[in-house]
Structure formats: structure tokens, C-alpha cells
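Given the structure is predicted, the values throughout are model-derived calculations rather than measurements. Chain naming here is simple, since letters A, B, ... match the order of the sequence lines and numbering starts at 1 in each.
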There are 2 protein chains.
Amino acid sequence: MAKNEAHASIESYLAAKNLKHSRPRQEIIDTFIKADSHLTAEELYHLVKKKNPKIGFATVYRTLKLMCESGLCKELKFEKSGDCTRYEILKGREHHDHLICTHCGTVVEVFDAELERMQNRLFKLHDFYPQSHRLELYGTCKTCRKRGRGKVSGG
Amino acid sequence: MAKNEAHASIESYLAAKNLKHSRPRQEIIDTFIKADSHLTAEELYHLVKKKNPKIGFATVYRTLKLMCESGLCKELKFEKSGDCTRYEILKGREHHDHLICTHCGTVVEVFDAELERMQNRLFKLHDFYPQSHRLELYGTCKTCRKRGRGKVSGG
DNA sequence: ATGATATTGATTTTGATTATCATTATAATT
DNA sequence: AATTATAATGATAATCAAAATCAATATCAT
């Protein structure tokens, strides 16, 4: 179960670094895991605020950073959806890339094993030791096309 | 020749928008095209400053923006090389993706036709109309590995 | 309960990029 | 060459997400 693996990930990180289990930290982590979507810091802040109005913005940022360091989650900086960073849970999920609708902002998680192999081929070809990659596909989703947005002229 | 196509691109954009040929603008464009590398605004600023010390930072930013709008160049926002945007010339060059060494910052331009096809397959599969994509491969280059940087533990 | 240390929330600061604005430059016209 | 309308410049201030600061508070082993 994703939720347990996610919690285990941050738990062991906190333990290894002698960090404490505070109430706000726990609430932020739980809210983020429960939301299970590509949130911005601000969106997460508002979600957490509903449960605990005393929570500050800084703590949300700090906790997101912590979660990223622990490997629980990851920053997403898409090209065409404002300037702010989104975050997604990694633990308990398969590796995937992102397909983003430039009109409505919908994010679809995609995967192609062959595409991964091609990428490794490129690493080898140029004699790089592979660490990570980022692939984002930008386009217009079916719904937005039906609504006449993002159409090709003359299409 | 890349240089001519690049110049033609920005020229026609300026003409179409009734923009003027100023000395600073011309110097910035020329310096950028001549440098022919993945520069930051600051790097370009310092390069231009050598030729014309009166040039201001704002004009460099403005001209870079103009160049991007005209399609002459493009913003690159890599994950692991600071927070600042780099820019690269597009005109007169083939489409390519980027392979980045996370240690020395070297950027290698790569291309794989099959990989492009895979990407289009994903667009189709999810019923998206394709607009663009971004693929970045992060790893350690040969030189950095030889210098003992970016080695796998126990490698 | 105590003490050492980590965490919090409010606030300020940072750093890259944009916007503002008075002055100057451009380019077409007279 | 002077005129004119418009665009561009450079200096500076504003913006905005994210990070740093700091006094007050919470955590947790003892």
C-alpha cells in the first residue's frame, strides 16, 4: 500500500537524522499523502490550514523540502503551468513521466518501457553514468480540443 | 549557415512588429549568436559588457525575451544547475534534447529519432494533440568519473 | 520535571526576472 | 538638417516563490 510505504520512507529519514515528530509536520505529511495529487506549496498550505489553522507557510515549505530529501516526494517544475513548483509522491508508485495539457493543466502520468531503454542507450552512447531524467510531453487534451481550445488552424 | 538563418529570424520578427534596430539590441543578438552556447542572462550580460560597457542588465533580459518570442532562441531550465535560466539558439539547428553532467555542468545535445517516435506514440495513446516536449538526461560524464566524481559506491 | 535540541510561525531576506519611467535613440517625413 | 512620433534604453524599484532568521515553543530522553 502506497500510504504505508510513503510513511515508512519519511519515518526512517526522520529517525536517521534525529529529527522530531511534531504535530504540524505530521499533519502536513499526512495531508499531502492523502491528497495524492500534484500539489503546489500553496495548495497544500490551504489544505492543511483547514485541519490546523495555526500552521504557517514556512513550515509547509520546510516539510516539503524534508519530504523531497527523504525521497518521499519530488519537485515538478513544468514549463507551462505558471512558475510555481508542484510536488508529487514517489514512494509506493512506479516511475513515470508526465503528459501535460497546456490548456486545462491536467497532468497524466505516462510510462513506456521502450522509451526508458532508448534513454539509457543515449547515456551509453555519450559515455555518461545515468542518474535521472525528466521527460514532459505538452499538448492539448481531448476535452480541451472538443471545447475548441488548442485546435490546429485548418484542422 | 546557422548565423544567417538566426539573423533572418530576428530581423523578420522586428520588421513584423515595427520594432527598431538599436545598437544595444544588435550587439546583444550578435554576441549571443556568436557565443553559440547555452548561456545565462548574466553570462551574456558580461560578454556584451566587454564590447559595450554602457549596456544595462534590463536590456539583456528584454532582448533575450524578444529573441525567444521570435523563435530565434529558447529558454532552458535545467533541474540541477542552479536556478537560473539558460538560453540556446534554435534557428539553423536541428531539434535535440539535452544530456547534462550534474558535476561539471557540461551540456551535450543529443537526438534519437526512435525516441521521438515513442513520444508521439504516447501523445496518441492518451489522445493529446502534441505541442512540444522536454527531455533532459542527467548523469556523470566520463571526465568527471575519471576524476573520481560521481562514482557509484562500490563501483 | 529538567535540559538539550529541534521546530514553529511571523517576518524579513534573497535572487532572478519584470515593470516603471524619464531620457535618449531610431527612422520616416518634411 | 530639422521635425515628429514612436520605440528603446539604463537605472531603479517591484514582484514573487522560496529560503533564512529568530525568539518562543514543543519534543523526548533522562
What integer distance in Å separates B/Leu66:CG from D/dA8:C1'?
11 Å
If you check the B/Lys65 side chain, which of D/dA8, D/dG10, C/dA19 turns out closest?
C/dA19
Donor-acceptor contacts under 3.5 Å from residues 108-118 of chain B side chains, at least two apart:
from	atom 1	to	atom 2	distance (Å)
B/Glu109	OE1	B/Arg93	NH2	2.9
B/Glu109	OE2	B/His38	NE2	3.0
B/Glu109	OE2	B/Arg93	NH1	3.2
B/Glu109	OE2	B/His96	NE2	3.4
B/Asp112	OD1	A/Arg121	NH2	3.4
B/Asp112	OD1	B/Glu114	N	2.9
B/Asp112	OD1	B/Leu115	N	3.2
B/Asp112	OD2	A/Arg121	NH2	2.8
B/Glu116	OE1	B/His95	NE2	3.4
B/Glu116	OE2	B/His95	NE2	3.1

Please give me every residue in residues 9-19 of chain B whose heavy atoms get under 4.0 Å of an atom in DNA chain C, ordered by residue number.
none
B/Glu42 CD to C/dT17 C1': how many Å, rounded?
12 Å
Out of D/dA19, C/dT26, C/dT17, minimum distance to the side chain of A/Tyr61 belongs to D/dA19
Euclidean distance, atom NZ of residue A/Lys20 to atom P of C/dT5 [Å, nearest integer]:
9 Å
Less than 4.0 Å between a side-chain N and a carboxylate O, is that true for A/Lys91 and A/Glu5?
no
Which heavy atom of B/Cys141 sits nearest to which heavy atom of B/Cys101, and what is that distance?
N-SG, 3.4 Å
Assert: residue with more 5' nearest nucleotide on DNA chain C, out of A/Arg25 and A/Phe57, is A/Arg25
Whichever of A/Ala58 and B/Tyr45 has the more 5' nearest nucleotide on DNA chain D, that residue is B/Tyr45
Side chains of B/Leu66 and B/Glu69 in contact at under 4.5 Å (non-hydrogen atoms):
yes
Between P on D/dG10 and NZ on B/Lys49, what's the gap in Å once rounded to a whole number?
8 Å
Indicate, with yes or no, if B/Leu44 and B/Ile29 share a hydrophobic cluster defined by side-chain heavy-atom contacts under 4.5 Å among Ile, Leu, Val, Met, Phe, Trp and Tyr.
yes
Could you tell me if B/Lys65 and B/Tyr61 have a donor-acceptor pair between their side chains, going purely by distance under 3.5 Å?
no
A/Glu69 CD - D/dA18 C1' separation (whole Å)
14 Å
Using a cut-off of less than 4.0 Å, is there contact between a side-chain N or O of B/Ser22 and OP1 or OP2 of C/dA25?
no
Euclidean distance, atom CD of residue B/Gln26 to atom C1' of D/dA8 [Å, nearest integer]
13 Å
Atom-to-atom span, CD1 of A/Ile55 to P of D/dT25 - whole angstrom:
17 Å
Heavy atoms under 4.0 Å, any strand shown: does A/Arg62 hit a base, just sugar-phosphate, or nothing?
base
Consider only side-chain heavy atoms of I, L, V, M, F, W and Y, link residues closer than 4.5 Å, and tell whether A/Leu14 and A/Leu90 are in one cluster.
no
What is the distance from NZ of B/Lys54 to P of C/dT23, rounded to the nearest Å?
17 Å
